[in-house]
A.B. asks: 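Here you go, one structure.
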Amino acid sequence: MHTGKLGLYRLSSMQTGVRAKVDEVVLWRRLAAEFAGSAFLAATVIGSGIAASRLSPGQTGLELLENAAATAAGLFAIILMFGPVSGGHFNPVVSFADAAFGGLRWRDALAYLPAQIAGCIAGAVIANLMFASAVVSISAKDRATGPHFLSEIVATLGLVLVIFALARSGRSRSTPAAVGAYIGAAYFFTSSTSFANPAITVGRMFSDTFAGIAPASASAFIAAEVIGGALAVVLIRALYPGLTQAEAERILLSHAAAGGTRTSRSASDGTAGQTGELGQSASNPPA
């Protein structure tokens, strides 16, 4: 594996092929990025929803447009902020799909899950506070209908397809913009307004505002999102049978080697190589 110019964790234990304890530090660093990014995402979705309802009261279409535009732009920026550290998932479905293709360890995907959920809950609380609302207000907005369930399957399926199709075709640098554009569009072409993310679904329960969802509806949304993610994995395997682990490691922003989560051993001398801190080789500079 090519050694990146920006590598910060080239320890002697790596050179002998032994995985260093730095991996544990790196995982927590990635978890911190997933937590912070998820918090920013939830604050963006919920905060812009509150602002929209106050700026354009009674004009549902305009409120949704304002909410969608802020979410699309914010998601683009948030992925760029935290992606070089953790991959910028902020979504358990994306993390587990990445693990299914070998781009992320299963144990790391499992660790990402609580960080993403906790981050989204924290972001909801922050959004409430920023608009002088109750710190926590459980949403009463019922969204559990058949069309909404189908919409969440479609929304999540499309999101995962966008991410991995770009990785497979070597266009990962475009993924932050493409993900933001897709989610912004899906606010309007799905009746559910495209949550497409179990973590943000949980977070939205804690704000009884424009973007909220009642706990009774959240379970149906999460089930639909899991189904959509599973269908996406099957479809990606059919459409892109040559998807490699290296390509999976570059979804959203290259991450699997950030700080040393992947090492390779030379058959001749047993030495290990490592990509740079930003998860990029010298021939593949950061996006």
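Not measured: the values here are computed from a predicted model. Reckoned from all heavy atoms, side chains included, excluding hydrogens, waters and symmetry mates.
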A.B. asks: Within this structure, what is the CD1-CZ distance for the pair I138 and R204, rounded to the nearest 0.5 Å?
C.D. replies: 15.0 Å
A.B. asks: I'd like to check the side chain to side chain contact (heavy atoms under 4.5 Å, CB included) partners of T44; sequence neighbours left out, ordered by chain and number.
C.D. replies: I78
A.B. asks: Please enumerate all residues that pass ring pair (Phe, Tyr, Trp, His ring centres under 6.0 Å) together with Y187, with sequence neighbours excluded.
C.D. replies: none
A.B. asks: Run the side chain to side chain contact (heavy atoms under 4.5 Å, CB included) test against I121 and tell me which residues pass, sequence neighbours left out.
C.D. replies: I117, V202, F206
A.B. asks: Checking F35 now: which residues fulfil ring pair (Phe, Tyr, Trp, His ring centres under 6.0 Å) with it, not counting sequence neighbours?
C.D. replies: none
A.B. asks: Can you pull out every ring pair (Phe, Tyr, Trp, His ring centres under 6.0 Å) where at least one residue sits in residues 49-76? Sequence neighbours excluded, please.
C.D. replies: none
A.B. asks: In chain order, what residues pass the side chain to side chain donor-acceptor pair (under 3.5 Å) check against N128, with sequence neighbours excluded?
C.D. replies: S207
A.B. asks: In the structure I gave you, are the side-chain heavy atoms of R30 and L104 within less than 4.5 Å of one another anywhere?
C.D. replies: yes
A.B. asks: Are L161 and L150 linked, directly or through intermediate hydrophobic residues, by side-chain heavy-atom contacts shorter than 4.5 Å (ILVMFWY only)?
C.D. replies: yes
A.B. asks: Among residues at least two apart in sequence or on other chains, which ones pass side chain to side chain donor-acceptor pair (under 3.5 Å) with T156?
C.D. replies: none
A.B. asks: For P147, which residues count as a side chain to side chain contact (heavy atoms under 4.5 Å, CB included) partner, sequence neighbours excluded?
C.D. replies: T145, S191
A.B. asks: Could you check, using the six-membered ring where one of them is a Trp, whether F164 and Y240 have ring centers closer than 6.0 angstrom?
C.D. replies: no
A.B. asks: I want to check something: taking the side chain as every heavy atom from C-beta on, are S53 and T209 in contact at a cut-off of under 4.5 Å?
C.D. replies: no
A.B. asks: Quick one: side chains of residues 220-239, donor-acceptor pairs under 3.5 Å with protein atoms, not counting sequence neighbours, listed by atom name and distance.
C.D. replies:
residue : atom : partner : partner atom : Å
E225    : OE1  : T201    : OG1          : 3.4
E225    : OE2  : T201    : OG1          : 2.9
R237    : NH2  : A100    : O            : 2.9

A.B. asks: Mind jotting down which residue pairs meet the ring pair (Phe, Tyr, Trp, His ring centres under 6.0 Å) criterion with at least one end in residues 116-156? Sequence neighbours excluded, please.
C.D. replies: none
A.B. asks: Check side chain to side chain contact (heavy atoms under 4.5 Å, CB included) between S56 and all other residues, then give those that pass, not counting sequence neighbours.
C.D. replies: Q59, L62, E63, E66
A.B. asks: Any donor-acceptor pair under 3.5 Å linking the side chain of S194 with the backbone of A186?
C.D. replies: no
A.B. asks: What pairs meet the salt bridge (Lys or Arg N to Asp or Glu O under 4.0 Å) rule with one or both residues in residues 150-171, with sequence neighbours excluded?
C.D. replies: R168-E247
